Amino acid sequence: MAESDKIRVLIVDDIADTRDNLEKLLFFEKDMQVVGKAATGREAVTQAKQIQPDVVLMDINMPDMDGIAATEAIMAQVPNTQVIMMSVQGETDYLRRAMLAGARQFLTKPVGGDELAGSIREVYRLQQTQRRFVVAAQQVEEADQSTGQIIAVYSPKGGTGKSAIAANLAVALKLLPGNRKICLVDASLLFGDIAVMFNINSNKTINDLTSRIDDLDKDLMNDVMTTHASQIKILLAPANPQMGELVTADHVRTVLEALRREYDYVVVDTQSSFQDQTMAVLDAAHRIVLLMTMELSSIKNIRQFLEVAELLGYNDEKLVLVLNKADAKFGIRVDQVEANIQHKVAAQIGNAPFEMVNAINRGVPLIIDQPRHQISIDVANLAYLISGTTRTSREGARPQQPKKEEPKGLFARLTKR
């Protein structure tokens with residue numbers, strides 16, 4: 001392999017033996033080359049600017065300038081370099097601080113050779129993919145300004161009702177005036193719930209697209225996606241976590257870009273994580289419907305995500321903060337939350353746990369089952385907000401609802417009684 005094709009690595013640690021051991025672990029990796037070693041954070045920043053490494057292995061605890069500060073400086077001055085943070089301490093706070101600084105992965109010492117080499121290859125591949133994606137996105141934008149919008153429904157904390165809101169929002173966008181083309185993607189790749197939300201029994205999933213990613217076209221997507229009675233198209237998550245792990249961030253980007261060219265709105269249900277696949281969705285999204293509940297833990301996670309979002313360059317227009325399960329009984333006012341997180345709540349969706357659970361168990365989104373319910377009205381208002389559509393004076397009469405499907409299956413039939 002030519003020297004120019006190798007992954008160029010800079011090792012940063014204040015202990016000489018650790019630097020040497022890391023270099024030995026990478027010695028037999030034919031696709032890697034250690035191009036420098038630094039003992040302090042300041043030395044790391046200087047070398048990074050001079051040698052422009054592909055990947056920096058950065059210790060977190062160092063004198064003079066710690067790894068967090070050094071990473072922030074490197075990301076600001078050498079933005080194409082990827083940083084892998086290393087520490088003997090694996091606490092969540094260290095992981096969060098490393099991510100806020102711009103690190104792509106966090107390894108707990110001692111680290112094995114296979115894990116180290118695998119992490120280096122992963123962050124390098126991610127950077128190369130991002131470069132290609134940015135160029136491709138710019139070319140697509142220049143060539144076709146008429147393509148649709150990607151709407152990611154996300155929460156950094158589970159239990160916020162994310163999948164239910166994604167399902168109802170997709171239908172609500174379809175019900176808007178204009179007969180828009182809508183598709184719903186279940187990108188919760190390990191434990192997707194959209195099939196349950198719509199009572200869909202199909203063995204065709206996103207894996208059927210990723211396995212033929214080079215042949216991706218309109219006909220293939222139509223064949224794989226399910227058409228619901230509401231006339232939205234649905235791309236299901238993998239059938240099990242093992243299949244979900246086969247879907248990469250590259251796959252997600254490619255599929256979403258192809259769908260965006262065919263649909264007016266691509267609504268994406270996401271995982272509550274910072275995994276590469278989820279970050280690919282958030283990066284590609286035109287709007288992120290950021291769900292929060294009135295639990296203090298949810299508010300805390302939202303505040304932390306907003307800090308990360310700022311570092312990622314997500315502007316306020318991209319983030320649509322939505323308070324779900326809103327209820328005055330929780331004793332926290334919205335204005336108090338806004339002051340705490342320094343961000344406005346754009347919309348609120350009420351709290352109706354019985355109706356929502358019943359709708360999920362029957363496999364019929366609430367906006368279809370009970371279009372005049374307050375939750376349905378709240379979701380419809382959110383759809384208007386996202387689309388920028390203005391209600392007409394006739395809006396008291398809602399758009400014609402799709403015909404309800406009769407519940408299928410033994411459990412659905414029993415709950416109907």
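Throughout, residue positions are numbered sequentially from 1 according to the sequence presented. Just so we're clear, the structure is a prediction, and the values are computed from it rather than from any experiment.
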Check D223 with K204, please: is the shortest side-chain N to carboxylate O separation under 4.0 Å? yes
Salt-bridge criterion met for K233 and E262 (N-O under 4.0 Å): no
Under a 3.5 Å distance rule, please check whether [X] uses its side chain to pair with a backbone N or O of [Y] as donor and acceptor.
X    : Y    : answer
T293 : T160 : no
T71  : A103 : no
D14  : M62  : no
Q370 : I367 : no
R260 : A284 : no
S298 : M292 : no
E338 : V345 : yes
D369 : A359 : no
Q271 : L190 : yes
D264 : K181 : yes

Over all heavy atoms of both residues, which pair between [X] and [Y] is shortest? Give the atoms and the distance, please.
X    : Y    : result
V56  : V12  : CG1-CG2, 3.8 Å
I375 : A352 : CG1-CB, 3.8 Å
A152 : A285 : CB-CB, 3.8 Å
P156 : N301 : CG-O, 3.6 Å
L25  : V111 : CD1-O, 3.8 Å
A383 : L176 : O-CD1, 3.8 Å

Could you work out, with side-chain contact (heavy atoms from CB on, under 4.5 Å) as the rule, every residue matching [X], not counting sequence neighbours?
X    : answer
N315 : E317, K318
R121 : I7, E29, D31, M32, A117
I213 : L216, H251, T254, V255

Got a sec: does the [atom1] of [X] have more than 12 other heavy atoms crowding it under 6.0 Å?
X    : atom1 : value
N201 : CG    : no
L296 : CG    : no
E310 : CD    : no

Beyond-backbone contact of [X] with [Y], side-chain heavy atoms, under 4.5 angstrom:
X    : Y    : result
D54  : K6   : no
L282 : F305 : yes
K325 : M356 : no
V45  : K49  : yes
S163 : M197 : yes
L189 : M243 : no
P238 : V247 : yes
D66  : R97  : yes

Which distance, rounded to the nearest 0.5 Å, do you find between the [atom1] of [X] and the [atom2] of [Y]?
X    : Y    : atom1 : atom2 : result
L256 : I150 : CG    : CD1   : 4.5 Å
K162 : Y154 : NZ    : OH    : 9.5 Å
L116 : L22  : CG    : CG    : 6.0 Å
L306 : Y314 : CG    : OH    : 12.0 Å
E72  : M65  : CD    : CE    : 9.5 Å
Q105 : S119 : CD    : OG    : 4.0 Å

Apply side-chain contact (heavy atoms from CB on, under 4.5 Å) to residues V322 and I165 and explain how you reach the verdict. CA-CA 10 Å; V322 176; I165 296 303; 6.0 Å; no
Between N381, N168, L169, N324, which is the residue that forms a side chain to side chain contact (heavy atoms under 4.5 Å, CB included) with I349? N324
Where do D250 and T248 land on the side chain to side chain donor-acceptor pair (under 3.5 Å) test, with the steps shown first? CA-CA 5 Å; D250 290 350; T248 67; 4.9 Å; no
Is it the case that the side chains of [Y] and [X] hold a donor-acceptor pair, with the cut-off being a distance below 3.5 Å and no angle test?
X    : Y    : value
N340 : Q336 : no
T278 : T270 : no
D269 : S188 : no

Stepwise, does the side-chain contact (heavy atoms from CB on, under 4.5 Å) test hold for V289 with V267? CA-CA 10 Å; V289 175; V267 179; over 6 Å; no
Test log, rule side-chain contact (heavy atoms from CB on, under 4.5 Å), inputs V357 and N361: CA-CA 6 Å; V357 170; N361 289 343; 3.6 Å; yes
V83 vs M75, test: side-chain contact (heavy atoms from CB on, under 4.5 Å). Steps then yes/no. CA-CA 8 Å; V83 177; M75 296 309 297; 4.1 Å; yes
Below 30° counts as parallel, above 60° as perpendicular, anything between as tilted: where do the rings of F198 and H228 land? perpendicular
Test log, rule salt bridge (Lys or Arg N to Asp or Glu O under 4.0 Å), inputs K109 and D13: CA-CA 12 Å; K109 295 178 182 179; D13 199 292; 2.6 Å; yes
